[in-house]
Student: 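Structure in structure tokens, see below.
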Amino acid sequence: MINGMSESTRYEPKTIEPRWQKYWQDLGLYRFQETSNKPVYSIDTPPPTVSGRLHIGHVFSYTHTEITSRYHRMTGHNVYYPFGYDDNGLPTEILTERETGVKAYQADRQKFREMCLETGKKYAELFSSLWQKLGFSCDFGAAYSTISRESQKISQWSFIDLFHKGFLERRNEPALWCTNCVTSFAQAEIDDVNKAGKYLHLPFNVPGMEPIVIATTRPELLAACACLFVHPDDKRFLAYHGKKAKVPFYDHEVPVLLDSKAQMDKGTGAVMCCTFGDTTDIAWWRQHKLPLREAISKIGKMTEITGPLAGLRVEAAKKEMEKVLTEKGLVLKTVDIPAETRVVNTHERCGTPVEFLVQPQWFVQVVKHKEKLIEMGRKIKWHPEFMRHRYENWVENLSWDWAISRQRSFGVPIPAWYTEDGEVYVPETTDLPVDPTLHKPKRSSKSGAPWIGDADVLDTWATSSVTPLLNARHGAENERPNFLPMSMRPQAHDIIRTWAFYTIAKSYFHFGEVPWKEIVVSGHVKKPGQQVEAAQMAGQEFAKKTKISKSKDGDTYAPEKMMERHPSDAIRLWSAAASIGLDVPFDENGMNDASKFLNKFWNASRFALMNLESFVPKFLNEKFESRNANDLQVLGRLKKIVKAYHENFQSYELHKAKIELDKFFWDVCDDYIELVKYRCLKEYTNSEDKSDAQNSLYRVIFGLLQLYAPYAPHITEEIYQMYFKQFEKAESIHLIDLPKTAELSTAENSAMEAWMNGGGKLSLAAVRRIKKDNAISYRTPLKVLTLVGKGPIKNENLKLFTADLAGFAFAEMVELKSAIAAGAQPQTGNKIFRLETDDLDIQVEVSEEAMVKKLN
RNA sequence: GGGCAGUUAGCUCAGCUGGUAGAGCAUCGCCCUUACAAGGCGGGGGUCAAAGGUUCGAUCCCUUUACUGCCCACCA
């Protein structure tokens with residue numbers, strides 16, 4: 001019995017995993033070493049948004065980073081792997097509103113902020129506890145929150161720096177507006193939703209002529225109609241150029257103007273321009289200097305100018321207007337637009353259709369820096385490489401500057417004051433953080449007019465886009481020098497247009513530099529679903545991948561539930577099995593498989609260690625080379641695996657590293673351990689041979705342990721602690737550097753060749769086969785085992801493995817011959833069995849007595 | 001409409017720089033064998049979406065097509 005090893009054949013993670021988690025915490029194993037002179041590998045961890053609970057998709061992608069961090073820690077790096085949470089801004093406000101039933105705009109500002117802080121705290125604890133249960137090696141002591149004082153300081157510093165550098169301006173112009181959240185928002189926060197709609201064809205009367213007919217989906221905006229547009233080349237409307245038309249129902253006169261953006265083939269060819277129905281309206285409004293007629297208020301109610309619609313919400317107003325117009329006979333025609341062909345922009349946080357409102361807003365000028373931003377993107381190494389296209393695609397299509405003010409209460413305050421006559425005051429960076437709703441500027445305004453503090457807060461992305469600065473403690477006394485650019489940013493592909501883009505933009509504006517050297521983009525976990533008539537008609541079932549929805553799928557994909565059923569190591573291994581950047585369907589079988597693997601790993605290690613009882617290893621740095629070909633081939637193969645492992649981890653392809661490792665592991669179980677165990681037996685007296693066997697076995701098992709350690713930290717630690725620690729000394733397997741890539745020796749190379757292609761592996765299979773085919777029990781001893789190498793299989797190669805093979809086959813004697821004599825007769829009382837193949841002939845002689853014995 | 005991926009065994013997916021295909025699950029057969037029956041051993045199952053091209057040779061490279069998914073644009 002090895003130190004404290006249990007009798008159970010089943011691996012019991014329930015008690016083992018928490019034990020080591022606590023051990024690691026107590027040892028402070030994963031703390032970043034501020035003064036170490038090891039090279040730093042820094043990770044710009046995504047702080048999960050405090051907008052609800054985490055689902056299995058988060059676990060999936062965060063696990064990739066976690067495994068990567070362990071890899072780097074085990075290859076001589078001082079790893080900076082912080083834990084953070086994004087708890088400022090709109091998402092947290094919405095969550096707080098949902099949980100408390102209190103709407104932000106109805107509540108006292110300070111009081112609501114405190115409620116949000118509470119929410120943030122609660123979820124931060126949930127997140128942190130989940131990560132710890134998964135065995136994450138974050139430096140939990142270095143946790144940050146984006147509403148923290150430090151984060152506020154840096155976010156405001158960023159604002160001020162952009163302001164002074166001229167990348168930031170305050171403009172009073174239409175911005176994307178959410179009437180539900182009562183705030184402006186950015187282009188990146190638009191979500192497309194397919195929604196059915198309806199064109200109404202409405203007549204605009206023109207004195208002395210036929211009415212000009214337009215098609216609109218937004219009759220509720222008629223009151224805001226500023227003009228009509230027709231295409232200059234559209235012959236149908238030539239007579240109307242420059243005429244005035246009367247808006248139906250409201251009867252105010254609007255001009256008929258020309259613009260080539262009016263599409264002749266759309267609707268009726270004539271279009272009404274309202275302030276504002278869509279982005280084209282905004283362009284027209286600017287270009288043609290149209291009057292502003294606001295029909296929708298901040299909170300989504302119709303304004304006074306809409307007459308009978310005033311006070312109604314947009315949807316209700318649309319219906320009411322259609323009713324009114326229909327009653328008056330003003331609807332000439334209606335055309336339904338199916339959902340498939342109509343796309344509505346909505347606010348991604350709440351699904352409310354976008355409106356446009358003119359309000360003073362701060363904008364970061366991104367549109368005019370597209371080229372530079374693309375250039376920055378190209379300086380960063382993307383994994384997988386094709387994800388860079390998404391970034392470029394997004395930047396190329398940018399049409400709005402980044403609106404960063406939010407008319408909300410919980411967030412980092414915009415550090416600015418204004419006077420009525422247009423003076424702007426931005427504080428000194430030494431005075432941060434400030435809250436203009438509470439504090440006053442240090443000086444009075446030039447005109448003596450009173451300062452008005454900005455009551456808005458920053459977009460949550462405006463704060464989370466400075467996480468590299470936060471990690472570097474930029475501007476603080478204990479600033480981390482040479483910390484930027486960071487080594488790596490991990491994140492999922494859905495936030496390339498937001499988090500990745502904004503972080504790159506800010507880094508460029510502040511320093512003209514990239515924020516990190518590499519970015520690793522992970523995929524999503526999709527839920528498996530059914531699909532399509534065609535497949536069903538063919539009697540097939542299709543797995544269609546669809547997004548996991550927090551609201552609809554409830555607890556099905558809750559990691560906490562998953563962790564009741566599967567060990568953390570199994571969930572980690574399942575996550576690591578996916579190709580980098582690809583979406584994967586959720587498949588709980590994959591976790592079951594991983595659990596089975598853990599059990600196998602447990603048993604294999606346990607068995608190996610039994611064979612190492614009372615053994616003292618020659619240490620790894622000591623020159624050791626076995627004389628046994630089987631040992632040599634397996635150690636040679638281990639070296640090959642190590643090399644591929646490092647290469648794959650360098651390119652973040654941990655799934656590839658794992659595939660090769662798994663294959664090796666199963667081969668070790670199936671072949672190597674089966675063969676080596678006979679040389680480890682107590683009764684085995686050749687001490688040189690035995691020493692070779694045990695030293696090799698030690699190395700193979702320990703090597704496997706190390707290579708699996710980043711993926712499955714708990715089970716590897718358990719096995720390490722139970723046996724290897726006595727020799728390796730380190731407090732944890734996670735403190736030992738992974739084996740380095742090493743050259744294969746000539747002996748190893750030729751042993752591998754002899755094993756793989758020279759007949760070694762084949763002879764093992766042949767023994768299994770002949771026993772099985774002839775119903776000879778596995779344990780039945782053989783009198784004689786005869787092998788004949790044919791074709792490429794040479795007897796001299798087979799000879800290398802005969803000693804081990806004899807043990808495996810329970811053979812008293814193994815002989816190699818050039819041919820098996822036809823009609824060879826067994827000795828009395830024995831039987832002969834023969835199997836011939838193209839590469840190898842095998843013959844065994846067994847005593848009948850032994851066979852019968854076995855049958856009973 | 002633009003872009004990016006994918007299409008390989010019943011299912012989920014690997015397949016490195018081109019040399020007539022692999023794993024797990026499922027299925028079938030055998031086996032309590034002194035690590036493991038949530039196991040072991042063995043078998044069946046694929047014209048690698050289609051068509052052309054380059055090549056001595058293509059799942060892999062090039063072109064075209066079809067389908068699937070994602071990102072973006074369009075939103076009167």
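All values below were derived from every heavy atom in this structure, side-chain atoms included, with hydrogens, water molecules and symmetry-related copies excluded.
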Student: Any base atoms under 4.0 Å from A:Cys669, or only sugar-phosphate, or nothing? Heavy atoms, all strands.
Tutor: base
Student: Hey, are the side chains of A:Cys227 and A:Trp284 touching, using non-hydrogen atoms and a 4.5 Å cut-off?
Tutor: no
Student: Using a heavy-atom cut-off of 4.0 Å across all strands, would you classify A:Lys596 as base, sugar-phosphate, or nothing?
Tutor: sugar-phosphate
Student: Please state the C1' separation for the pair B:U7 and B:A14 - nearest whole angstrom.
Tutor: 15 Å
Student: In whole Å, measure the gap between the C1' atoms of B:G10 and B:C71 for me.
Tutor: 32 Å
Student: May I have the distance from A:Lys370 (atom NZ) to B:C72 (atom C1'), rounded to whole angstrom?
Tutor: 12 Å
Student: Which one, B:A35, B:C74, B:A5, comes nearest to the side chain of A:Lys600?
Tutor: B:A35
Student: Respond yes when some side-chain nitrogen or oxygen of A:Arg390 is under 4.0 Å from OP1 or OP2 of B:G3, and no when none is.
Tutor: no
Student: Students often get this wrong, so: under 4.0 angstrom with heavy atoms, is A:Lys656 touching a base, only sugar-phosphate, or nothing?
Tutor: sugar-phosphate
Student: Can you work out whether A:Gln187 or A:Ile337 has the more 5'-proximal nearest nucleotide on RNA chain B?
Tutor: A:Gln187
Student: What interatomic distance, in whole Å, is found between P of B:A35 and the corresponding atom of B:C41?
Tutor: 14 Å
Student: Looking only at side chains, do A:Asn603 and A:Arg606 share a donor and an acceptor under 3.5 Å apart?
Tutor: yes
Student: Think A:Arg388 has a side-chain N or O under 4.0 angstrom from the OP1 or OP2 of B:C4?
Tutor: no
Student: Among B:A14, B:G40, B:A76, which nucleotide sits nearest the side chain of A:Trp666?
Tutor: B:G40
Student: Could you tell me the separation between the CG atom of A:Asp773 and the P atom of B:C30, rounded to a whole number of Å?
Tutor: 13 Å
Student: To the nearest angstrom, how far is A:His566 atom NE2 from B:A38 atom C1'?
Tutor: 13 Å
Student: Of all the choices, B:A5, B:C74, B:C36, which nucleotide is nearest to the side chain of A:Asn599 once you look at every atom?
Tutor: B:C36
Student: Select one nucleotide: of B:C36, B:A76, B:C4, the one nearest the side-chain heavy atoms of A:Asn603.
Tutor: B:C36
Student: Starting at atom NZ of A:Lys266, determine the distance to atom C1' of B:A76, rounded to an integer number of angstrom.
Tutor: 7 Å
Student: When the distance from CG of A:Asn592 to C1' of B:G39 is rounded to whole Å, what number comes out?
Tutor: 16 Å
Student: When we call it a touch if two heavy atoms are under 4.0 Å apart, what does A:Leu582 touch: a base, just sugar-phosphate, or nothing?
Tutor: sugar-phosphate
Student: According to a strict under-4.0 Å criterion, is A:Ser605 in side-chain N/O contact with OP1 or OP2 of B:A35?
Tutor: no
Student: In terms of relative ring orientation, are A:Phe724 and A:Tyr698 parallel, tilted or perpendicular, with 30° and 60° separating the classes?
Tutor: perpendicular
Student: Looking only at the side chain of A:Asp670 (C-beta and beyond, no hydrogens), which of the listed nucleotides B:G40, B:A76, B:C25 gets closest?
Tutor: B:G40
Student: In whole angstrom, give me the gap between the C1' atoms of B:G46 and B:U8.
Tutor: 8 Å
Student: Could you work out the separation of B:G43 and B:G24 based on their P atoms and round it to a whole Å?
Tutor: 13 Å
Student: Using the closest heavy atom to pick a nucleotide of RNA chain B for each, name whichever of A:Glu660 or A:Ala262 lands nearer the 5' end.
Tutor: A:Glu660
Student: Mind checking if A:Ala215 touches a base, just sugar-phosphate, or nothing, with heavy atoms under 4.0 Å?
Tutor: sugar-phosphate
Student: Could you tell me whether the phosphate oxygens of B:A76, OP1 or OP2, come under 4.0 Å of any side-chain nitrogen or oxygen in A:Thr217?
Tutor: yes
Student: Does any donor-acceptor pair link the side chain of A:Asn393 with the base of B:G2 at a separation under 3.5 Å?
Tutor: yes
Student: Take a 6.0 Å sphere around NZ of A:Lys333 and say whether it holds more than 12 heavy atoms from other residues, nucleotides or ligands.
Tutor: no
Student: For the side chain of A:Lys772, counting heavy atoms from C-beta on, which of B:A35, B:G42, B:C13 is nearest?
Tutor: B:G42
Student: For A:Arg769, report the nucleic acid contact type (base, sugar-phosphate, nothing); a contact means any heavy atom under 4.0 Å.
Tutor: sugar-phosphate
Student: Counting Watson-Crick and G-U wobble pairs only, both distances under 3.5 Å, name the nucleotide matched with B:G44, or none.
Tutor: none
Student: From OH of A:Tyr645 over to C1' of B:C16, roughly how many Å is that when rounded to an integer?
Tutor: 19 Å
Student: Just name whichever nucleotide pairs with B:G1, Watson-Crick or G-U, keeping both distances under 3.5 Å, else none.
Tutor: B:C72
Student: Regarding A:Tyr678 and A:Asn611, is there a side-chain donor-to-acceptor distance under 3.5 Å anywhere?
Tutor: no
Student: Could you tell me how far apart A:Leu221 (CG) and B:A76 (P) are, to the nearest whole angstrom?
Tutor: 12 Å
Student: From the list B:A14, B:C4, B:C74, which nucleotide is the closest neighbour of the side chain of A:Phe386?
Tutor: B:C4
Student: In Å, rounded to the nearest 0.5 Å, how long is the span from CG of A:Leu222 to CG of A:Leu325?
Tutor: 6.0 Å
Student: Starting at atom NE2 of A:His389, determine the distance to atom P of B:G6, rounded to an integer number of angstrom.
Tutor: 11 Å
Student: Between B:G42, B:C72, B:A76, which nucleotide has the shortest distance from any of its atoms to the side chain of A:Asn397?
Tutor: B:C72
Student: Are any side-chain N or O atoms of A:Asn393 and backbone N or O atoms of A:His389, one a donor and one an acceptor, separated by less than 3.5 Å?
Tutor: no
Student: Considering every strand and a 4.0 Å limit on heavy-atom distances, what is the contact class for A:Ser579: base, sugar-phosphate, or nothing?
Tutor: sugar-phosphate
Student: What contact category does A:Tyr391 fall into here, base, sugar-phosphate, or nothing, at under 4.0 angstrom with non-hydrogen atoms?
Tutor: nothing
Student: Under 4.0 angstrom, heavy atoms only, what part of the nucleic acid is A:Asn345 near: base, sugar-phosphate, or nothing?
Tutor: base
Student: With a non-hydrogen cut-off below 4.0 angstrom, is A:Gln263 in contact with a base, only sugar-phosphate, or nothing?
Tutor: base
Student: What nucleotide, of B:A14, B:A38, B:C70, holds the atom closest to the side chain of A:Lys526?
Tutor: B:C70
Student: Using purine N1 to pyrimidine N3 plus N6-O4 or O6-N4 for Watson-Crick, or N1-O2 and O6-N3 for G-U wobble, each under 3.5 Å, what pairs with B:C25?
Tutor: B:G10
Student: Applying the Watson-Crick and G-U wobble criteria at under 3.5 Å, what pairs with B:A49? Answer none if nothing qualifies.
Tutor: B:U65
Student: For atom CG of A:Asp233, decide whether the heavy atoms of other residues, nucleotides or ligands shown that lie under 6.0 angstrom number more than 12.
Tutor: yes
Student: If I pick the P atom on B:C72 and the same atom on B:U55, what distance separates them, to the nearest angstrom?
Tutor: 43 Å
Student: Between the main-chain N or O of A:Arg342 and the side-chain N or O of A:Lys195, is there a donor-acceptor pair closer than 3.5 Å?
Tutor: no
Student: Across the strands shown, which category fits A:Lys663 at heavy-atom distances under 4.0 angstrom: base, sugar-phosphate, nothing?
Tutor: nothing
Student: If you measure from the C1' atom in B:C56 to the same atom in B:G42, how many Å do you get, rounded?
Tutor: 37 Å
Student: Mind checking the P distance from B:C31 to B:C70? Whole angstroms is fine.
Tutor: 49 Å
Student: Could you tell me if A:Asn345 and A:Asp191 have a donor-acceptor pair between their side chains, going purely by distance under 3.5 Å?
Tutor: no
Student: Which nucleotide sits closest to the side chain of A:Tyr199: B:G3, B:A76, B:A35?
Tutor: B:A76
